[in-house]
Amino acid sequence: MATRKAPAAYDEDTPRGFAFALVAYLLWGFLPFYMKAVSHIPAVEVVAHRVVWSVPIAAVVLILLGRTQDIRAAFRSPRTMGMALITAGLITVNWSIYVWSIAAGRAIETALGYYINPLFSIFLGAILLRESLDGRQKAAIALAVAAVGILAWESGGVPWVSVGLALSWGFYAFFKKSLPVGPNQGFFLEVLLLTAPALGFIIYTEINGTGHFGDTGPADMLLLMGCGVVTAVPLMIYANGAKLLRLSTIGIMQYIAPTMIFFIAVFAFKEPFGPYKLAAFVLIWIALAIYTSSLLRSRRARQAAAAATAVNPPG
């Protein structure tokens, strides 16, 4: 049997990849409106429905792509299933914090958390993978820490929504890289592993009369079923787009969603945005500008090295 080669990382952006990624980030950017529509439902119940209704969508995608064999192989690998269990737990924490924070009127902190995330990922790579940090990256991380410190000073405690989202998504992305299956297959494994507890919780709430699937009207039923669409579709669109883009392009485009969440929080949800939050966001925006310049500089250096190699090949 021939061994399937892993797809090579893209050295140039493709219009198709850019379109996929843009659609995914725009969908994530508008997601707070949907989460606000279900804000009267407990966050745990919303997350349970996100899991359950994502399973059929993810399954259909894998069938259409002809990748069901990968799932069978994953079930035979204890290491793969163990890693999927870890990522499933982390994405559950991330979803739970996100859903709760939107319902609680803390979307601004949500935006900050996702702004911090790329900087935390750099820090994580330096600590766990011994990746070297240049001066700009260190400065960006320091500014992000200062921003969190300002919010902690204002609130009298750690801004756990922002920190929790950055930590859970950062570790999720870190462990996701170690999952030896594709992103679509990995997502299906994650929601499949979560289905039993999620379905059990839904059944429990319906039996004791506290559930919102059916008893509180067709609107709630449709909104909860739609949680699968708004969860699975952007993730799978993004997974296909990311394969067709440079990492530096993805790194810059990931600001789209938190920027949209920020403006929705301030102008649509009318959340308070005082001087402390303004100072924290200014520091984060400066940090991200520094981080982006570092990405672009690294990209130019790689392009220059590749051009030099093409002109003067080794040997």
Side-chain angles (χ1 to χ4, degrees), residues 27-60 84-114 155 157-169 171-172 187-236 257 261 264-265 268-272:
L27 290 173
W28 278 326
F30 283 115
L31 186 58
F33 286 120
Y34 198 96
M35 292 297 109
K36 189 65 86 172
V38 296
S39 61
H40 61 289
I41 301 173
V44 178
E45 187 177 355
V46 173
V47 171
H49 281 278
R50 289 186 79 171
V51 169
V52 169
W53 298 108
S54 291
V55 172
I57 297 173
V60 168
L85 193 60
I86 292 172
T87 56
L90 288 167
I91 199 63
T92 301
V93 172
N94 185 268
W95 287 349
S96 299
I97 297 173
Y98 179 88
V99 173
W100 179 89
S101 64
I102 299 298
R106 299 172 73 167
I108 288 178
E109 293 178 49
T110 300
L112 182 66
Y114 286 119
S155 62
V158 176
W160 68 267
V161 169
S162 301
V163 174
L165 287 171
L167 289 176
S168 58
W169 188 263
F171 279 109
Y172 173 75
F187 175 69
F188 177 75
L189 280 178
E190 289 160 2
V191 291
L192 191 64
L193 287 169
L194 294 169
T195 296
L199 191 58
F201 179 80
I202 293 170
I203 293 171
Y204 170 76
T205 59
E206 293 303 318
I207 289 175
N208 67 20
T210 59
H212 293 77
F213 189 71
D215 296 339
T216 55
D220 282 348
M221 180 184 291
L222 291 174
L223 282 170
L224 288 171
M225 291 177 68
C227 284
V229 176
V230 300
T231 298
V233 170
L235 273 170
M236 293 191 158
I261 294 171
I264 289 170
F269 296 164
K270 306 297 183 183
E271 292 187 11

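Worth saying up front: this structure is predicted, and the values here are computed from it rather than measured.
Thr210 approaches Asn208 most closely through the heavy-atom pair OG1-OD1, 2.6 Å. Scanning all heavy atoms of the two residues, the minimum distance from Leu194 to Thr92 falls at CD1-OG1, 3.2 Å. Nearest approach of Ala37 to His40, heavy atoms of both residues: O-CE1, 3.3 Å. Of all the heavy atoms in Ala43 and Ser96, the pair that sits closest is CB-O, 4.3 Å. What you find for Pro272 and Ile108 is that their closest heavy atoms are O-CD1, 3.5 Å.
Thr87 pairs by the side-chain hydrogen bond (donor to acceptor under 3.5 Å, both in side chains) definition with Glu190, not counting sequence neighbours. When the side chain to side chain contact (heavy atoms under 4.5 Å, CB included) test is applied to Leu85, the partners found at least two apart in sequence or on another chain are Leu193. Applying the side chain to side chain contact (heavy atoms under 4.5 Å, CB included) rule to Phe33 yields the partners Phe30, Ile264, Ala268, Phe269; only residues at least two apart in sequence or on another chain are considered. Not counting sequence neighbours, the partners of Thr216 by the side-chain hydrogen bond (donor to acceptor under 3.5 Å, both in side chains) test are Asp220. Taking Ala166 as the reference, Ile116 meet the side chain to side chain contact (heavy atoms under 4.5 Å, CB included) condition, with sequence neighbours excluded. Not counting sequence neighbours, the partners of Thr110 by the side-chain hydrogen bond (donor to acceptor under 3.5 Å, both in side chains) test are Ser101. Partners of Leu90 by side chain to side chain contact (heavy atoms under 4.5 Å, CB included), not counting sequence neighbours, listed by chain and number: Ile86, Phe171, Tyr172, Phe175. The side-chain hydrogen bond (donor to acceptor under 3.5 Å, both in side chains) test applied to Ser168 returns Asn94, not counting sequence neighbours.
Looking at heavy atoms from C-beta onward, Leu235 lies in side-chain contact with Trp28 at the 4.5 angstrom threshold.
Pairs engaging residues 94-109 under the salt bridge (Lys or Arg N to Asp or Glu O under 4.0 Å) rule: Arg106-Glu109 [sequence neighbours left out]. Every pair passing ring-ring contact (aromatic ring centres under 6.0 Å, His included) that includes a residue from residues 210-236 is listed here, sequence neighbours excluded: His49-Phe213, Trp53-Phe213. Annotation: ring-ring contact (aromatic ring centres under 6.0 Å, His included) contacts involving residues 93-114, sequence neighbours excluded, comprise Trp100-Trp160.
Note that the CD1 atom of Ile102 and the CD1 atom of Ile97 stand 12.0 Å from one another [nearest 0.5 Å]. Rounding to the nearest 0.5 Å places CG of Leu27 at 12.5 Å from OH of Tyr34.
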Evaluation steps, side chain to side chain contact (heavy atoms under 4.5 Å, CB included), between Leu165 and Trp169: CA-CA 6 Å; Leu165 287 171; Trp169 188 263; over 6 Å; no

Tabulate below the donor-acceptor pairs under 3.5 Å that side-chain atoms of residues 221-231 make, not counting sequence neighbours, or state none.
{"unit_1": "Thr231", "atom_1": "OG1", "unit_2": "Arg50", "atom_2": "NE", "d": "2.6"}
{"unit_1": "Thr231", "atom_1": "OG1", "unit_2": "Arg50", "atom_2": "NH2", "d": "3.2"}
{"unit_1": "Thr231", "atom_1": "OG1", "unit_2": "Cys227", "atom_2": "O", "d": "2.7"}

